[in-house]
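Working notes, structure below.
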Amino acid sequence: MQYSEFMQDLQQKSLNLLQEDAERIEKLIEIQMENLTTRKCPLYEEVLDTQMYGLSREVDFAIRVGMVSNDEGKSIISRLERNLAALYEAQNPKE
């Protein structure tokens, strides 16, 4: 395996791992969206916020070492932020 193939493989693995972590957070968001009839849970929100922060640090690191592009990293984070915003909006409907 040549160096360029190795780096390409490593970059793809990095992107796949970030996307897997993002999918886990999306599952947490989906579960909470399905359970909107239950009371708002500060602990659950704290877990989501912590997971989002951790993923943002992972993405930042991957961008800084050149494993993913800035656009790919921002895309992963912004998709989750939109989903999280939708969850918070659904939990706190405007009157």
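Reckoned from all heavy atoms, side chains included, excluding hydrogens, waters and symmetry mates.
Side-chain atoms of L84 and I25, non-hydrogen and from C-beta on, never get closer than 4.5 Å to each other.
When hydrophobic clusters are built by joining Ile, Leu, Val, Met, Phe, Trp and Tyr residues whose side-chain heavy atoms come closer than 4.5 Å, directly or via intermediates, I31 is grouped together with L80. V47 and I29 end up in the same hydrophobic cluster when Ile, Leu, Val, Met, Phe, Trp and Tyr side chains are linked at under 4.5 Å.
With rounding to the nearest 0.5 Å, the separation of CZ in F6 from CD in Q11 is 10.5 Å. Separation of atoms CG (L28) and CD (Q51) is listed at 6.5 Å; rounding is to 0.5 Å. Here the straight-line distance linking atom CD of E20 with atom CZ of R24 works out to 6.0 Å at 0.5 Å rounding. For the atom pair E30 CD and L87 CG, the distance stands at 11.0 Å (nearest 0.5 Å). For the atom pair CD (E26) and CG (L48), the distance works out to 11.5 Å, reported to the nearest 0.5 Å. The distance from the OG atom of S14 to the CD atom of Q19 is 11.0 Å, given to the nearest 0.5 Å.
A donor-acceptor contact closer than 3.5 angstrom links the side chains of Q12 and N16.
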Could you pull out all donor-acceptor pairs under 3.5 Å where a side-chain atom in residues 60-71 meets a protein atom, sequence neighbours excluded?
| from | atom 1 | to | atom 2 | distance (Å) |
| --- | --- | --- | --- | --- |
| D60 | OD2 | R57 | NH2 | 2.7 |
| S69 | OG | E72 | N | 3.1 |
| S69 | OG | E72 | OE1 | 3.3 |

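E81 is linked by a side-chain contact (heavy atoms from CB on, under 4.5 Å) to M52, I77, counting only residues two or more places apart in sequence or in another chain. With sequence neighbours excluded, the residues that form a side-chain contact (heavy atoms from CB on, under 4.5 Å) with Q2 are S4, E5. Applying the salt bridge (Lys or Arg N to Asp or Glu O under 4.0 Å) criterion to K13, with sequence neighbours excluded, gives D9. With sequence neighbours left out, Q8 forms a side-chain contact (heavy atoms from CB on, under 4.5 Å) with no residue at all.
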